[in-house]
Amino acid sequence: MVSDINKIFDSFSNDTLFINKFILQTSYSPGKIPHRDNQIEQVASILAPALRGEKPSNLFVYGQTGTGKTLSIQFVKNEILKRAKENNLPLRIEYLNCKMRKISDTEYRIFAELIKKLGGNVPATGLPTDQVYNKFIEIIEKEKRPIILILDEIDQAVKKISDGFLYNLTRLNSELSQTQISIIGISNDLKFLDSLDPRVRSSLGEEEIVFPPYNAIQLQDILKERAEQAFKKNVLDNGVIAKCAAYAAREHGDARRALDLLRVSGELAERQGCKKVTIEHLDLANEKIDKDKITDVVSSAPKQFQLTLFSIINLTEKTKEKIYTGEVYNVYNEMCSKAKTEVLTQRRFSDIIGELDMMGLINAPVISKGRHGRTREIKLSVANNIIEKIKVILKESLGL
DNA sequence: CGAGATTCATGTGAAGTATACCTTTAGGCTTAA
DNA sequence: AAGCCTAAAGGTATACTTCACATGAATCTCGTA
């Protein structure tokens, strides 16, 4: 018995196609970043004053997902910290991704998270916001060294909250006596800065850097380099990398996507016991990534969101025509009694529809049907083959 | 026939409520001297 | 007497509700050609 299991483990570890799968993970930061020399230089030169103990300008970085923004910034961050350490300079750089669901919702949570990063401690709830704010200042003052805050996906946070919190941040320096603080904002949305309060814009956008999308050839370079380290020799079929790059290039040159694709293809091939990663694996992986991403979102959504989504799916299947808020709400009511859940008001329901829209699960623009009032025209924006899967998840978690 | 006025079905904003959780404070109990 | 624990008091954020008003184009109304 035991020997059987061991055999499984043995074969498992022997047959692996990878040398080091971690290299393909998005969290891995490679030693060099191809095709980003220019941007990295710019970032470095903007942040360089920190090494002389001066306050660097605030910086704003644009670029679609997977264009190497975060990676490049992290890279510069590490280099600067290394340098600072060598020369015994006090300097502190903190990175915060505002998109993580738990954090991004409110100003309070963002400050709480920042404080935690800086070594403080705040309860998850219950404190007055201005007290949290004060504590934040206090902690920074205690540091007594220049601080650079990197706020990733900052547009997400502002969308949820308001730009008031950015205003607070940029104004922070005037309340600090011991320390200077610089802010690096990273955003996917190119128009983001324009939508801000002018005061915030001028102060946050002292410097701007744009990260253009990678083209297919650049993506290939990146993939080749990483694949060499990650996979064993001759594991990748001809053309896999090229196709992988092509797929990702179609999605606005998203390198993260390309790497995910490659990794998942490898995993799939391995699980099937293949010796090679083929283009078929790549196609499978493409589907799987989409599916995983969406099912993740769906299964971690709050119950009322799930119920709402379920109602939409059901109604869409029944009536092929366009569906509207009112109809969905009726279905939702039935669902609630079936699932023995409380029924929310139409007011709240409307907000949930809006949030589902924001999450990208549905498409629900507000339209006016003239004499017949105003409503949202709701459409699922999820591929059909995934809907079935979602239904299973929802049924399970709702107990239907 | 065309310009306003109406109308519908919900969007949306503001303010209020219930719940969960946090800090502070004061009283009571335990402990060590 | 000092130290520790507990319960109550006083606050806040969050998710939701209630109330009330805003929307915007199809449709209706009515004056005019």
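Just so it is clear, the model here is predicted, and its values are computed rather than measured. Letters A, B, ... are given to chains in the order of the sequence lines, protein chains preceding strands, and every chain is numbered from 1.
- At a threshold of 4.0 Å, the pair A:Arg92-A:Glu94 counts as salt-bridged, since one of the basic side-chain nitrogens sits closer than that to a carboxylate oxygen.
- The interatomic distance linking A:Asn330 (CG) with B:dA9 (C1') rounds to 12 Å, in whole Å.
- Side-chain N or O atoms of A:Ser187 include none that pairs as donor or acceptor with a backbone N or O of A:Tyr62 at under 3.5 Å.
- Looking at the side chain of A:Ser368, the nearest of the listed nucleotides B:dG11, C:dT27, C:dA25 is C:dA25.
- Under a 3.5 Å cut-off, the side chain of A:Ser350 and the backbone N or O of A:Gln346 do not form any donor-acceptor pair.
- Less than 4.0 Å separates DNA chain C from at least one heavy atom of each of the following residues of residues 337-354 of chain A: A:Val343, A:Leu344, A:Thr345, A:Arg347, A:Arg348.
- One interatomic measurement links the two molecules: CZ of A:Arg371 to P of C:dA26, which rounds to 13 Å at whole-angstrom precision.
- Taking atom OH of A:Tyr324 as the reference point, atom P of C:dA26 lies 12 Å away to the nearest angstrom.
- For A:Tyr329, the ring pair (Phe, Tyr, Trp, His ring centres under 6.0 Å) test picks out A:Tyr332, A:Phe349, with sequence neighbours left out.
- Checked for salt-bridge contact, A:Asp260 and A:Arg263 meet the test: a charged N lies under 4.0 Å from a carboxylate O.
- A:Lys243 and A:Asp283 are joined by a salt bridge, as a carboxylate oxygen and a charged side-chain nitrogen come within less than 4.0 angstrom of each other.
- The residue among A:Lys369 and A:Arg374 whose nearest nucleotide of DNA chain C is located toward the 5' end is A:Arg374.
- The nearest whole Å value for the distance from the CZ atom in A:Arg376 to the C1' atom in C:dA25 is 18 Å.
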